[in-house]
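Worth knowing before you read on, the calculation uses all heavy atoms, side chains too, and leaves out hydrogens, waters and symmetry mates. A note on names: the letters A, B, ... follow the listed sequences, proteins ahead of strands, and every chain is numbered from 1.
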Amino acid sequence: MGLMTSRLPSLLIGLCLAGVLVGCATPPPASDADALAEYRENNDPLEPTNRVIYEVNDSLDSAIFAPLARGYRAAVPDSVREGVHHVLLNIGSVPLLANDLLEGHLDGAGDTAARLLVNTTVGLGGLIDVAQIWGIARHDADFGMTLALWGADPGPFLFLPLLGPSNVRDAVGFAGDIGLDPSTYLSGPNWLLFAYSRFGVSAIDARERHLDDLAEIKKTALDPYATLRSLYNQNRAQQIAQARGGVTQ
Amino acid sequence: MLTRRGIFLLTTLFAGAARAAPAGDAAAQEATARAFVQKTADALLAVLNSSAPVADKQARMRPLVDSNVDVDGIARFCLGRFWRTASMAQQNDYLTLFHAVLVKSITGRLGDYSGVKIEVGRAQAREEGVIVSTTITRPNNAPAALDWLVVTQAGEPKLADMIAEGTSLRITTRKDYDSYLTRNNADVGTLIAQLRKQATTDGG
């Protein structure tokens with residue numbers, strides 16, 4: 001108790017300092033209509049804070065994740081990496097199926113269910129994307145998209161620690177997808193090991209797949225943060241527009 | 001004097017005619033844009049997939065960009081609201097450097113694109129031009145969708161943008177420049193200095 005009370009003030013001071021760091025962007029004056037329009041379109045009122053998180057992520061990435069991903073690319077042959085990627089996608093098919101259903105996309109749900117069944121069996125646990133060869137292509141669905149289809153606005157842009165570009169809706173969606181994943185509810189040391197391994201391998205797989213384009217952005221963009229923000233917003237808008245149109249490709 | 005019914009009939013007729021005319025134009029525009037993309041893609045592939053040394057490929061790529069891409073239009077779009085605040089000299093410098101950086105970014109990565117195939121799909125007239133969908137296949141890569149925005153420039157079709165997975169090259173660049181300039185006192189000179197650096201450094 002004594003420890004708790006003695007820690008409380010320093011915790012409060014820490015939070016207050018964080019409050020100073022968690023700064024909000026100052027909107028341009030109303031007299032500068034073009035600048036104001038641009039500011040609103042960027043939808044990034046927390047930009048100063050987001051940029052700090054971007055910098056931290058970027059430092060961690062340069063020091064740890066990018067080298068790990070390069071090592072993974074160098075050490076593991078293409079075909080094996082492709083297999084690993086397929087297995088991860090196959091494991092993630094259950095939340096994808098749940099989102100197809102929540103979005104009311106029965107055709108998409110049928111495809112996802114068929115892909116899960118075919119790839120888990122004939123495709124050796126997802127190692128080979130047999131369903132793709134048979135003409136059942138994969139499509140994207142996640143809880144952020146589902147919320148968008150239910151009418152949720154994206155809310156302010158967010159740059160999340162480790163996860164990168166997002167927004168309030170998609171951050172909630174990320175948590176929702178964890179909730180929709182059955183493995184979240186399994187307990188025991190083996191499942192814990194599975195969860196950690198899956199998380200680690202997913203991170204390295206995702207980073208390896210973006211090694212070239214992220215390096216290109218960092219090399220050519222004058223403001224890589226703004227470039228990533230724009231790419232994320234545009235890409236999400238298209239995914240949601242396609243899902244809204246019932247196009248599951 | 002026209003009755004109310006007469007006015008209604010006339011307006012609907014005119015409205016119908018007004019709608020019909022662009023529809024016919026749209027079909028023609030779509031066909032032209034699609035043919036243009038097919039021709040440009042063929043020319044591009046002839047360079048990419050030839051066995052010539054990279055330096056030769058780069059030399060052949062430049063006139064292709066010059067004649068088929070609306071470089072000045074893209075450059076102006078990318079500078080956005082800052083085009084108006086730039087001086088004439090800055091505008092000229094910017095256009096020249098933008099051109100150099102664009103050609104460099106295309107030719108600098110020629111080696112990455114050997115063995116590529118482009119399948120031209122459907123064309124759709126939009127407000128800003130005609131979007132022509134293509135599918136790009138590269139060895140050891142999943143097929144990727146790439147949309148080309150074709151505009152008419154002095155009566156000729158020109159490429160104005162490329163859109164991959166919903167991300168437009170020119171919008172992304174515009175956002176990049178806008179943010180950079182906003183954080184650098186709206187000084188177009190700083191952007192020009194950066195572009196000059198990109199145009200002159202190796203491998204940029």
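- Residue A:R229 touches chain B through its side chain alone, counting heavy-atom pairs closer than 4.5 Å.
- Side chain of B:S105 to main chain of B:L102: a donor-acceptor pair is present (N/O by atom type, distance under 3.5 Å, no hydrogens or angles).
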### Task
Starting from the C-alpha separation in whole Å, work towards a yes-or-no answer on side-chain contact (heavy atoms from CB on, under 4.5 Å) for B:Q38 and B:D42.
CA-CA 6 Å; B:Q38 184 70 64; B:D42 289 345; 3.3 Å; yes

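- Cation-pi geometry between B:R170 and B:F77 is met: the NZ or CZ atom falls under 6.0 Å from the ring centre, inside 45° of the normal.
- Each of A:R51, A:E41, A:E47 has some count of heavy-atom pairs under 4.5 Å with chain B, and the biggest count is that of A:R51.
- Proximity to chain B is absent for every atom of A:A37, based on heavy atoms less than 4.5 angstrom apart.
- In this structure, no portion of A:E82 lies under 4.5 Å from any heavy atom of chain B.
- Looking at A:A221, both its backbone and its side chain come within 4.5 Å of chain B, counting heavy atoms on both sides.
- In terms of modelled atom types and a separation under 3.5 Å, the side chain of B:N49 and the main chain of B:V116 share a donor-acceptor contact.
- In this structure, the portions of A:Q234 lying under 4.5 Å from any heavy atom of chain B include both its backbone and its side chain.
- Contacts with chain A were tallied for B:N184, B:T167, B:D178, B:D176; B:D176 has the most, counting heavy-atom pairs under 4.5 Å.
- Judged by distance alone, the side chains of A:N167 and A:N43 never bring a donor and an acceptor atom under 3.5 Å apart.
- Using modelled atom types and a 3.5 Å distance limit, the side chains of A:N99 and A:H105 yield no donor-acceptor pair.
- Formation of a donor-acceptor pair under 3.5 Å by the B:S87 side chain with backbone atoms of B:Q90 is found in this model.
- Between chain B and the residues A:T227, A:D34, A:D78, A:L222, the most heavy-atom pairs under 4.5 angstrom are made by A:L222.
- When heavy atoms are compared at a cutoff of 4.5 Å, B:T173 does not approach chain A at all.
- For the options A:P28, A:A226, A:A35, heavy-atom pairs under 4.5 Å to chain B are most numerous at A:A35.
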